[in-house]
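Below is one structure, written out as structure tokens; the observations come after it.
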Amino acid sequence: MPIAKGYAATDASKPLTPFTFERRDPNPDDVVIDIKFAGICHSDIHTVRNEWKNAVYPIVPGHEIAGIVSAVGSAVTKFKVGDRVGVGCFVDSCVGCATRDVDREQYMPGLVGTYNSVEADGKTATQGGYSDSIVVKEGYVMSIPDNLPLDASAPLLCAGITLYSPLRHWNAGPGKKVAIVGMGGLGHMGVKLGAAMGADITVLSQSLSKKEDGLKLGAKEYYATSDEETFKKLAGTFDLVICTVSAEIDWNAYLGLVRVDGAFVVVGAPENPIPVHAFSLIPGRKSISGSMIGSIKETQEMLDFCGEHNIVSEIEKISIHEVNEAYERVLKSDVRYRFVIDIASLAA
């Protein structure tokens, strides 16, 4: 079996450390990828610290993967050695299930996560992108447009699709007023993608410290949610509000920003239940919904859209030896706007 090197969590309370492990032998329908860059997602931190109570150690995190194809199986038709490719949040699904839906694949049973999950054989642990190589079924590998830099494309595989999917589903575009709550790793992608779709984008952030960035990336307006006047001024304004934050917020106040028949969509994952009063919804026929990543089909659509509009993430590139420090900085919101690990640093 192929040997891979990476960084892993072995316990919820310990830092990530160097880790050598076996990848599975490639099958005829597999693509072998030399990983060049891996984005750091807040989900990685939640998982390795067992904050979602589902961690199975050791865990090699990372589901924002960009790399180069190094080998292909005999049955592979879409990729060849040297292709620029990406791998996102899942690497397999139940292709034989009666409920399979390629347009909503991420919501169907049988999803196999890129890490902290189990391969189709039911026993082999999946391990993610904080490593030098990965073996993935052809149907779960995506092409990265040639005009996009690989390093800044890596976060598109999670952060990008997490915002693209609800923007598309709720028809963001010309004539639609969209608010993005939070100007972080997710939120800044919502600004870029929503603006490229033609929507009128407003950022709602705790402070105005990132206002210049928000306007530069495509927002038309930027307001501080720490100012109570913001909620009075913007009451009933937005067709769509996408909340990217995991912090505690006044949900009813934010629902007051949604216009009649509008939607408030949750993509961040707060730890506690969401307290919503019925009369924050009923008088305006408003809805509160959730959204999770995207299907393989939609993720490729997103990558192609980004290629057409030259959209990538705003990144800070780091050595893998800095990963534990980067985790602490993510928790302090001390990054603009996504950390990306240079996997070549594994050899240093």
Side-chain angles (χ1 to χ4, degrees), residues 1-6 22-39 60 62-96 100 102-103 105-106 110-115 117 119-121 124 126-161 164-165 293-308 310-313 340-344 346:
M1 298 178 78
I3 300 299
K5 294 181 179 180
E22 293 182 338
R23 289 290 188 190
R24 61 179 173 80
D25 288 321
N27 295 313
D29 62 345
D30 279 331
V31 176
V32 183
I33 301 167
D34 284 340
I35 300 175
K36 301 300 182 183
F37 301 99
V60 178
H63 56 209
E64 296 182 340
I65 300 170
I68 303 294
V69 175
S70 61
V72 296
S74 59
V76 171
T77 60
K78 294 193 295 184
F79 300 101
K80 64 183 185 303
V81 173
D83 283 351
R84 295 153 42 91
V85 295
V87 178
C89 298
F90 60 100
V91 292
D92 209 347
S93 61
C94 185
V95 296
R100 191 182 187 221
V102 296
D103 292 311
E105 189 171 20
Q106 71 274 29
L111 211 64
V112 175
T114 303
Y115 65 86
S117 192
E119 298 268 14
D121 63 9
T124 304
T126 59
Q127 302 289 8
Y130 296 11
S131 59
D132 57 8
S133 65
I134 192 168
V135 180
V136 182
K137 289 173 68 172
E138 176 183 29
Y140 299 86
V141 178
M142 287 148 286
S143 297
I144 295 177
D146 289 340
N147 61 306
L148 300 182
L150 273 183
D151 53 2
S153 294
L156 299 179
L157 277 302
C158 178
I161 186 58
Y164 181 90
S165 188
I293 55 173
S295 65
I296 297 298
K297 177 182 174 183
E298 188 175 43
T299 304
Q300 185 62 64
E301 176 188 303
M302 176 273 304
L303 287 168
D304 294 340
F305 179 86
C306 288
E308 293 169 9
N310 290 301
I311 294 173
V312 289
S313 182
V340 171
I341 303 167
D342 183 350
I343 298 300
L346 263 173

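Atom set for the values below is all heavy atoms of this structure, side chains included, hydrogens, waters and symmetry mates excluded.
Here the closest non-hydrogen pair linking Ala152 and Val312 is O-CB, 3.5 Å. Scanning both residues, Gly294 and Phe90, for their nearest heavy atoms gives O-CE2, 3.5 Å. Taking all atoms of both residues into account, the shortest heavy-atom contact from Gly129 to Ile343 is O-CD1, 3.6 Å. Asp132 approaches Leu346 most closely through the heavy-atom pair N-CD1, 3.8 Å. Asp34 and Ser70 make their closest contact through OD2-CB, 3.6 Å (heavy atoms, listed as atom of the first residue, atom of the second, distance). A pairwise comparison of heavy atoms in Ile293 and Cys158 identifies CG2-SG, 4.5 Å as the closest pair.
Under the 3.5 Å distance criterion, the side-chain polar atoms of Ser74 are left unmatched by any main-chain donor or acceptor of Pro28. With hydrogens and angles ignored, the 3.5 Å screen pairs a side-chain donor or acceptor of Thr114 with a backbone N or O of Cys89. Proximity of a side-chain donor or acceptor of Glu138 to a complementary backbone N or O of Thr77 within less than 3.5 Å is detected. Formation of a donor-acceptor pair under 3.5 Å by the Ser117 side chain with backbone atoms of Thr126 is not found in this model. Panel note: side chain Ser153, backbone Pro149; a donor-acceptor pair is recorded below 3.5 Å. No donor-acceptor distance shorter than 3.5 angstrom exists from the side chain of Asp83 to the backbone of Val85, with no hydrogens or angles considered. Side-chain N or O atoms of Gln300 include one that pairs as donor or acceptor with a backbone N or O of Ser143 at under 3.5 Å. Looking at Arg23, its side chain does come within 3.5 Å of a backbone N or O of Ser133 through a donor-acceptor pair.
A 4.5 Å side-chain heavy-atom check between Val340 and Pro155 finds at least one atom pair inside the cut-off.
Rounding to the nearest 0.5 Å gives a distance of 14.0 Å between CD1 of Ile65 and NZ of Lys36. Rounded to the nearest 0.5 angstrom, Met142 CE and Glu298 CD are separated by 11.5 Å. The structure places CD1 of Ile68 at 9.5 Å from CD1 of Ile33, a figure rounded to the nearest 0.5 Å. Taking OG1 from Thr299 and CG from Leu157, the interatomic distance works out to 7.5 Å, rounded to the nearest 0.5 Å. The CG atom of Leu150 lies 4.0 Å from the CZ atom of Arg84; values are rounded to the nearest 0.5 Å. With values rounded to the nearest 0.5 angstrom, Leu111 atom CG is found 8.0 Å from Tyr140 atom OH.
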Val60 and Tyr115: CA distance, side-chain angles, deciding distance, side-chain contact (heavy atoms from CB on, under 4.5 Å) verdict: CA-CA 7 Å; Val60 178; Tyr115 65 86; 5.8 Å; no
CA sep, side-chain torsions, deciding dist, call: Val102, Ser295, side-chain contact (heavy atoms from CB on, under 4.5 Å): CA-CA 7 Å; Val102 296; Ser295 65; over 6 Å; no
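Heavy-atom contacts from other residues, nucleotides or ligands closer than 6.0 Å to NZ of Lys80 number 12 or fewer.
Using a 4.0 Å cut-off between charged side-chain N and carboxylate O, Asp30 and Arg24 make a salt bridge.
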